[in-house]
Structures are given as structure tokens and as C-alpha cells.
Amino acid sequence: MRFSQSFIPTVREVPADATIASHILMIRAALIRQLVAGVYSYLPMGYKSLRKVEQIVREEMDKAGGIELHMPVLVPVDLFRKTNRVEAFGNILFKFKDQHNAELSLGPTHEEIITSLVADHINSYKQLPINLYQIQTKFRDEERPKSGVLRTREFVMKDAYSFHTSLEDLDKTYQKMYQAYHRIFKRCGVPVVAVEAESGPIGGSASHEFMVLTDIGEDQVVSCDHCDYAANVERATRKVADGTAGRLESEVVLKEVHTPHKSTIEDVSEFLKCKPPQVIKTLVYRTSDEQVVVALVRGDHEVNEAKLRRMGGVSSLELADDGTITKLTGAAVGFAGPIGIKPDKMFIDFDVPAITDGVTGANKTDHHFVGVVPGRDFTIEPEMLGDIRNVVEGDPCPHCGAKLKFQRAIEVGHVFKLGTKYSSALHAQYLDAGGKNQDMIMGCYGIGVNRILAAAIETHHDENGIIWPISIAPYQVTVIGLGRTPEDEVSKTAERLAAELESAGIDVLFDDRDQRPGVKFKDADLLGVPIRVTVGQKTLAEGKVELKLRRDGEMQLIDVDGAVETIKTLVGKLMAELE
RNA sequence: CGGGGCGUAGCUCAGCUUGGCUAGAGCGCCUGGUUUGGGACCAGGAGGCCGAAGGUUCGAAUCCUUUCGCCCCGACCA
């Protein structure tokens with residue numbers, strides 16, 4: 001490809017809207033342009049890379065037994081009603097009506113579509129298992145698109161769905177996908193760690209996320225210093241010391257104090273001159289079946305709703321509205337405490353009983369209790385105790401007890417064991433060998449294709465621009481001619497070299513622009529093409545051209561004769577490094 | 001959804017506080033010339049409904065109201 005014939009509007013200045021490296025560079029290197037918030041055009045450079053990522057994903061999915069198909073973007077809203085997901089999606093679902101007044105949506109994901117398709121056409125255990133995937137654009141009306149291509153309202157996803165007759169069989173495919181994902185990211189040159197993940201209200205027994213560790217990531221990964229434990233903070237657990245029971249014989253005296261307008265942990269602890277860890281945070285939740293659930297955690301900790309849900313054995317849970325709280329406590333919001341209230345259920349974090357001189361709301365507006373001793377002043381049954389909070393830095397690892405540390409990360413892939421949530425709702429059943437109808441057991445496996453691009457740039461760049469892994473670089477080689485005129489020896493040689501490389505099957509960007517050398521070099525660095533070949537007068541006089549790797553800047557002279565072979569070998573070597 | 005910031009040339013921004021000539025700079029673009037190994041130089045030129053609507057005023061990029069859009073922090077996130 002000739003630079004002058006393509007559409008590569010590089011920009012010299014840092015765009016005002018971008019703050020993170022990948023976003024800045026994707027704009028500067030002419031990969032993308034924003035249309036509206038969270039919606040981007042892919043320019044030739046960006047699209048070429050995107051397609052290379054897609055191709056790697058496709059090859060590895062095929063190798064792992066995936067079968068590619070393509071489902072519609074337009075999806076009837078009713079299909080999501082059948083699995084109660086219209087509400088679950090909430091505002092992120094793009095909804096509209098067609099001319100016949102039928103409700104349609106732009107597909108945010110395709111569990112329902114694939115499941116109903118499979119339900120219609122697969123009826124026997126003999127046709128299972130099957131693993132179907134597509135690479136397609138998804139639409140989610142995110143409340144806050146951000147970070148360039150990392151969080152958008154329209155994005156490309158590889159989504160795969162597998163169907164099985166047994167959990168063991170699902171396990172096998174899950175493992176295959178897990179391995180395939182590692183190969184995909186390796187080939188893309190993106191360093192990932194697989195972590196235990198929260199499967200969320202989507203349901204399902206196990207789930208792993210593939211994370212790229214970087215400070216600009218939106219997710220928090222918790223990992224252990226000493227063993228290989230790693231999990232999303234939503235999922236991470238901690239080792240709990242035995243014997244956390246309170247000291248019932250405590251001398252501390254329970255006392256009610258006046259705390260006007262002090263309803264937050266910070267206000268209360270400042271007003272009462274105590275530390276947040278002394279405060280017992282009392283949160284009131286309501287389940288979908290109108291049960292009132294109270295959760296107690298230490299003042300400096302956060303309740304983890306997924307853990308609470310699991311402990312309470314409920315599928316949905318949300319913070320109670322003010323009315324419910326007032327009804328329970330008889331006080332304004334902000335003065336709830338465990339003493340004297342009668343919720344349907346109460347759950348207490350393991351760290352609470354260890355508090356010896358606690359502070360809680362008094363269930364009376366503008367009043368708190370001090371000198372609270374858990375177990376003495378309110379009852380703690382063993383079945384109320386559990387791990388219901390988010391882990392914090394320094395908590396003991398659940399496997400080995402060493403300290404947990406936190407890192408930020410970008411989620412680029414996610415594998416789930418779904419179970420039968422969708423198959424039972426949409427009647428995806430098969431006849432087993434005994435002639436009985438059974439719900440199919442499902443798994444699903446997603447990869448954020450655009451995110452791979454952003455994550456690759458985020459982890460591979462310097463102050464001059466992108467440093468592409470060769471497997472997903474828009475071009476493998478760039479040839480720069482430094483001739484004075486298009487007709488001189490230097491230009492002709494550059495042109496011939498570019499043409500020969502292209503014939504040899506190499507992706508070449510030939511910078512044939514009538515620009516000064518500096519401009520071409522700067523753009524070459526910015527674009528991040530892994531191999532740069534420069535044809536200049538001085539070296540050509542000795543029959544040499546210059547070869548430089550973007551990643552290390554080392555320059556070497558090679559003979560023009562045989563240059564194609566030399567470069568081809570180098571391309572092969574760089575590609576092989578990513579296998 | 002809460003908090004903050006910003007909309008002026010293709011890009012980055014000044015001008016707005018304290019209303020007043022024809023609305024500016026750098027980069028980019030066009031013409032001509034000189035240059036040619038890390039974003040050249042000289043000369044000339046094109047390019048703006050100052051996000052939109054309404055209002056105040058003799059007069060609005062500037063003041064007021066409304067509205068649309070974009071970015072950041074937080075909340076949320078199958």
C-alpha cells in the first residue's frame with residue numbers, strides 16, 4: 001500500500017478529548033475517529049489491525065472446535081422478556097419501534113438468540129455438544145462511555161456459546177476455551193492473567209476473566225504475593241481467622257449518645273472521636289420477594305452484594321428504599337443499627353464480632369450507641385456469620401494466607417459456565433439416551449475485540465508512538481524512500497523493494513509521500529509498524545538499505561540484493577515469537 | 001444518576017472577568033520559490049453563523065435564560 005493512496009490522517013498534537021495513551025495514540029496514528037460519545041469509525045489503519053485480531057480469534061476458535069455463524073443485530077425485545085433480562089439490562093438496552101409498532105432492540109449480547117436457534121434445531125443428545133460463535137457488533141447504551149475504545153456503546157465482540165448434556169462435558173469445552181483464550185492473547189502480543197470472576201446475576205457456577213494489567217484499567221484484580229491466587233475484586237475472598245467471637249465479658253458500657261445530623265461513617269467517627277473500624281455499618285437490603293435483609297460490616301469495609309446474595313440464597317438484592325428502612329428502624333436513614341431490630345434475615349461479616357467497643361446507629365433519629373459489644377448487645381448466631389465484604393489490600397489470601405495485593409486491569413475476555421438458565425427459559429431441550437427431555441447445559445465465552453487493540457497499545461508504546469506486536473500491526477513492514485524526485489535511483493529502489501516485499505506476501509506500507517525525511521520518520525514511529533526499511537542515497541551508493549526494529553531502535557545495514565529474503569526471514573522470526 | 005470542566009478555523013488554543021473597530025495565533029491546507037536523514041524556510045492565499053435558540057443592549061464570542069454536545073471523577077456495569 002502506498003501511503004499517498006491510503007487514508008492515514010495522522011495528527012501531530014495531542015487531541016483534547018483523550019487522556020489515556022491508547023486513546024491518544026489511536027487518534028494520532030489515525031486508527032479511529034469519534035462520531036459521537038462511545039461510537040467510533042475505524043480508519044484504514046485501525047480497521048486493518050482490528051481484522052487481524054479477528055482473524056487470530058477466528059483461527060483459534062476454529063482450532064478449538066468452534067463453529068462460526070452470524071446472528072442479527074436487530075433483536076425483538078420480547079426475546080429478552082422471556083429470560084427477564086429487559087429489566088436486568090435496564091437503560092443499556094437500545095430499544096425502538098419499527099413501522100408496525102413492534103419493539104426491537106440492538107443486540108447487547110446473544111444468549112437468547114442462540115439458545116432459541118439451538119432449541120429449534122437440536123433435539124437429540126447425539127447432536128451435542130456444539131460450540132457456536134460469531135464475531136459481531138454489540139450495542140449497549142452505556143451511561144458513561146469512556147477511555148476511547150475501552151468502553152463504548154458499539155463494539156465488536158467474539159461471543160461463543162456451547163451446549164452440553166452434562167456438566168463434565170461443559171467442563172471439557174470450558175477448559176478448551178480457556179486454553180484457546182490464552183493462545184489468542186499470546187498471539188496478539190497482549191499479556192493477560194486469568195482471574196476468578198463473579199458470574200453475576202447472569203447465573204452460572206464458574207467464570208474466569210482474562211485481564212490485561214494496567215493502571216488505566218477499570219477493573220480491580222486481587223492477587224496473592226505467594227501463590228497463584230488471582231480474582232476480580234468482586235469475587236475475591238479472604239482467609240478468616242478462627243475464634244472471632246466477641247468478648248462478652250467486656251467492661252465497656254452500652255450508652256446512647258446524641259449525634260445530630262451525623263449519619264455517615266465519616267461524620268459519626270469524627271464527631272465521636274472514634275475510628276471507622278470501630279463503627280458497625282448497618283445496611284438494609286430488600287430482595288425481590290420483599291424480604292428485608294440487614295448486613296453488618298466494619299465501618300471501613302464495603303459490602304459485597306454478590307457475596308451477600310449467595311449467602312442469603314437470593315437471586316436479586318438491592319439497597320432498600322428510605323420507606324423500608326424507616327419502617328424497620330423507626331428512625332431516619334443513617335441511624336440504623338443491629339440492636340433491637342427485627343429484619344427477616346441478618347448477615348454479619350466475620351470482622352464484626354472482633355469489635356470490642358463499637359459504635360452503631362441507635363434506630364432513633366440523631367442518636368447512636370457507643371460501647372457496643374457484638375454478641376452481648378445483639379445476638380450473633382453462627383449461621384449469620386460470613387464473608388460478605390469486599391477484600392481490601394493486605395487481607396490474607398484464601399489459599400495460603402499471604403497478603404493480597406490490588407492491581408488495575410482491562411477485561412479483554414470472559415468465560416462463563418452458564419448452566420441451564422437460558423435453556424430452561426427458552427426450552428432448549430434434548431432427548432437423552434433414555435428418551436427423556438433434558439435442559440441443555442450451556443457455557444458462554446466472550447472476547448472484546450476492540451479492547452484487545454486498546455490493551456495492546458496501552459502495553460506497547462513509547463513517547464513517540466505505538467509499538468505494535470507484529471501479529472496485529474496494520475502493516476508488518478514500512479518502506480521509506482528518501483529520494484529527491486520520484487524518478488531517481490533511490491525512489492525507484494524503494495518502490496521496487498516495496499513491490500517485491502508485497503509479492504512475497506508481506507504487508508507493506510510504502511511511504512511514497514513527497515515529504516521531508518523527518519516527517520516520514522516521525523509518522524513511522526507514530527504508526528508503530530514493527531519493521532522499518534529506509535532507502536537513502538548514502539547507503540544505497542554502497543548497495544545497502546537500512547533495517548530498523550520499532551521496538552528497540554537498533555539499526556542495521558543490509559544488502560539491497562537479497563533484502564527481500566532478509567526481511568521475510570525477520571518477519572517470520574517476529575511472528576514466531578508470538579506463537 | 002451525583003460532582004467538576006469545556007464547546008471560537010481541519011487540529012491545539014488565545015480573546016470572555018471589565019460588551020465596542022474587519023475575531024486572532026501556532027500547526028495543517030493551497031500557490032510560487034528555496035530546501036531535503038528525525039515534524040524546514042520565505043512570500044502570498046483560502047478557511048469561522050464564536051455549539052444552538054431566545055433575551056438584555058445603540059451594540060454580544062463576551063452579560064442573562066434555555067437547550068444540545070463533548071471530556072473527567074464518582075456511582076453503576078450481562
Side-chain angles (χ1 to χ4, degrees), chain A residues 9-20 23-24 27-28 30 33-40 80 83-93 105 107-112 138-148 150-153 155 157 159 161 197-204 207 209 216 218-220 232-234 302 305-306 316 318-319 411 414-416 418 421-422 444-446 448 463-465 480-485 488 490-491 494 511 513-527 532 534-541 545-546 548 553 555:
Chain A
T10 57
V11 343
R12 189 186 299 208
E13 307 210 48
V14 175
D17 280 351
T19 53
I20 61 169
H23 189 195
I24 292 170
I27 293 169
R28 292 196 53 214
R33 279 298 111 100
Q34 178 173 293
L35 182 60
V36 292
V39 178
Y40 291 86
F80 293 120
T83 51
N84 285 321
R85 286 175 105 195
V86 177
E87 219 174 68
F89 286 134
N91 291 332
I92 75 152
L93 192 65
S105 65
T109 177
H110 283 76
E111 282 84 7
E112 284 83 354
K138 307 284 191 213
F139 297 83
R140 296 180 191 177
D141 196 359
E142 294 286 349
E143 304 211 358
R144 191 155 105 71
K146 62 174 180 176
S147 305
L150 283 180
R151 188 161 209 80
T152 55
R153 298 193 290 173
F155 56 96
M157 182 166 166
D159 47 324
Y161 308 89
E198 187 51 59
S199 46
I202 192 171
S207 159
E209 285 168 335
I216 57 96
E218 288 189 289
D219 285 280
Q220 291 267 6
N232 191 308
V233 68
E234 296 163 358
E302 287 172 0
E305 289 182 20
S316 90
E318 59 178 10
L319 275 173
E411 178 192 353
H414 200 158
V415 293
F416 281 95
L418 283 181
K421 177 182 160 100
Y422 297 95
C444 84
Y445 320 92
E463 64 281 6
N464 295 313
I480 294 181
L482 298 179
R484 301 288 164 86
T485 67
D488 63 26
V490 173
S491 299
D511 194 343
R513 292 176 300 171
D514 180 20
Q515 286 287 358
R516 296 168 62 86
V519 174
K520 296 187 180 185
F521 291 141
K522 286 288 186 188
D523 270 347
D525 285 350
L526 179 59
L527 295 174
R532 189 182 91 186
T534 309
V535 184
Q537 205 155 20
K538 282 177 226 158
T539 56
L540 189 60
V545 296
E546 206 175 281
K548 191 181 140 181
M555 222 173 262

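Naming convention: chains lettered A, B, ... in sequence-line order (proteins, then strands); numbering from 1 in each chain.
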Atom pair distance, as rounded to whole Å: CD1 in A/Ile480 and C1' in B/G38:
10 Å
Identify the nucleotide, in any strand shown, that forms a Watson-Crick or G-U wobble pair with B/U12, with both distances under 3.5 Å; if there is none, say none.
B/A25
Grab the CD1-C1' distance between A/Ile27 and B/G10 for me, whole Å please.
14 Å
Using a heavy-atom cut-off of 4.0 Å across all strands, would you classify A/Arg28 as base, sugar-phosphate, or nothing?
base
Atom P, compared across B/G51 and B/G45: separation rounded to whole Å
27 Å
What interatomic distance, in whole Å, is found between P of B/C16 and the corresponding atom of B/U56?
25 Å
Expressed in whole Å, how much space separates the P atoms belonging to B/G10 and B/C30?
15 Å
Produce the list of close N/O pairs, under 3.5 Å, pairing protein atoms with atoms of nucleotides 34-36 of chain B; give distances to one decimal.
| unit_1 | atom_1 | unit_2 | atom_2 | d |
| --- | --- | --- | --- | --- |
| B/U35 | O2 | A/Arg516 | NH1 | 2.7 |
| B/U36 | O2' | A/Arg484 | NE | 3.0 |
| B/U36 | O2' | A/Arg484 | NH2 | 3.4 |

Could you please name the option among B/A75, B/G39, B/G26 that lies closest to any side-chain atom of A/Val519?
B/G39
Taking the basic N atoms (NZ, or NE/NH1/NH2) and the acidic carboxylate oxygens, is any pair closer than 4.0 Å for A/Glu13 and A/Arg28?
no
State which of B/G39, B/G37, B/G26 makes the closest approach to the side chain of A/Lys522.
B/G39
Report all interatomic pairs (protein N or O, nucleotide N or O of nucleotides 70-72 of chain B) with separations under 3.5 Å.
| unit_1 | atom_1 | unit_2 | atom_2 | d |
| --- | --- | --- | --- | --- |
| B/C70 | OP1 | A/Ala37 | N | 2.7 |
| B/C70 | O3' | A/Gln34 | NE2 | 3.3 |
| B/C70 | O2' | A/Asp17 | OD1 | 3.3 |
| B/C70 | O2' | A/Asp17 | OD2 | 3.0 |
| B/C71 | OP1 | A/Gln34 | OE1 | 3.2 |
| B/C71 | O3' | A/Asp17 | O | 3.4 |

Separation of the C1' atoms in B/G26 and B/A14, to the nearest angstrom:
11 Å
Output all residues satisfying side chain to side chain donor-acceptor pair (under 3.5 Å) with A/Thr19, sequence neighbours left out; order by chain, then residue number.
none
Contacts of A/Glu302 meeting side chain to side chain contact (heavy atoms under 4.5 Å, CB included) (sequence neighbours excluded), chain-then-number -> A/Asn390
Taking atom types as they are modelled, is there a donor-acceptor pair under 3.5 Å from the base of B/G74 to the side chain of A/Glu143?
no
In whole angstroms, the gap separating P of B/C77 from CZ of A/Arg151 amounts to 10 Å
Quick one: on RNA chain B, does A/Phe155 or A/Thr539 contact a more 5' nucleotide (nearest heavy atom)?
A/Thr539
Only counting residues at least two apart or in another chain, list the ones meeting ring-ring contact (aromatic ring centres under 6.0 Å, His included) with A/Phe521.
none
Taking side chain to side chain donor-acceptor pair (under 3.5 Å) as the test, write out the residues that go with A/Thr152, two or more places apart.
none
5' priority, RNA chain B, between A/Lys548 and A/Pro15 [closest heavy atom]:
A/Pro15
Taking atom P in both B/U67 and B/G74, compute the distance separating them and give it to the nearest angstrom.
28 Å
Checking N1-N3 plus N6-O4 or O6-N4 for Watson-Crick, or N1-O2 and O6-N3 for wobble, each under 3.5 Å, the partner of B/C6 is B/G69
According to ring-ring contact (aromatic ring centres under 6.0 Å, His included), who are the partners of A/Tyr161, at least two apart in sequence or on a separate chain?
none
Could you give the distance separating B/G48 and B/A25 at their C1' atoms, to the nearest angstrom?
14 Å
Under the rule for side chain to side chain contact (heavy atoms under 4.5 Å, CB included), what residues qualify as partners of A/Val490, not counting sequence neighbours?
A/Asp488, A/Val535, A/Gln537, A/Leu540
Tell me every residue that passes side chain to side chain contact (heavy atoms under 4.5 Å, CB included) with A/Glu411, counting only those two or more places apart in sequence or in another chain.
A/Glu209, A/Met211, A/Asp219, A/His414, A/Arg451
In whole angstrom, what separates A/Arg140's CZ from B/C77's C1'?
9 Å
Side chains of A/Glu546 and A/Thr539: do they bring a donor and an acceptor to under 3.5 Å?
no
Pairwise C1' distance, B/U12 and B/U8 [rounded to whole Å]
12 Å
Across every strand shown, the nucleotide meeting Watson-Crick or G-U wobble geometry with B/C41 (both distances under 3.5 Å) is B/G33
Roughly, in whole Å, what's the span from CG in A/Asp523 to P in B/G39?
12 Å
Euclidean distance, atom CZ of residue A/Arg12 to atom C1' of B/C11 [Å, nearest integer]
11 Å
Which atom names give the shortest non-hydrogen contact between A/Asp159 and A/His110, and what distance separates them?
OD2-CB, 3.7 Å
Using the C1' atom as the point on both nucleotides, what is the distance between B/A23 and B/U65, in whole Å?
25 Å
I'd like to know if A/Gln537 reaches the base of B/G37 with its side chain, counting only an N/O donor and acceptor under 3.5 Å.
no
Counting Watson-Crick and G-U wobble pairs only, both distances under 3.5 Å, name the nucleotide matched with B/C1, or none.
B/G74
Step through it carefully: locate the ring centre of A/Phe89, locate the ring centre of A/Phe80, and say whether they are under 6.0 Å apart.
yes
Roughly, in whole Å, what's the span from CD in A/Glu218 to C1' in B/C77?
8 Å
Expressed in angstrom and rounded to an integer, what is the separation of A/Asp141 atom CG from B/A78 atom C1'?
15 Å
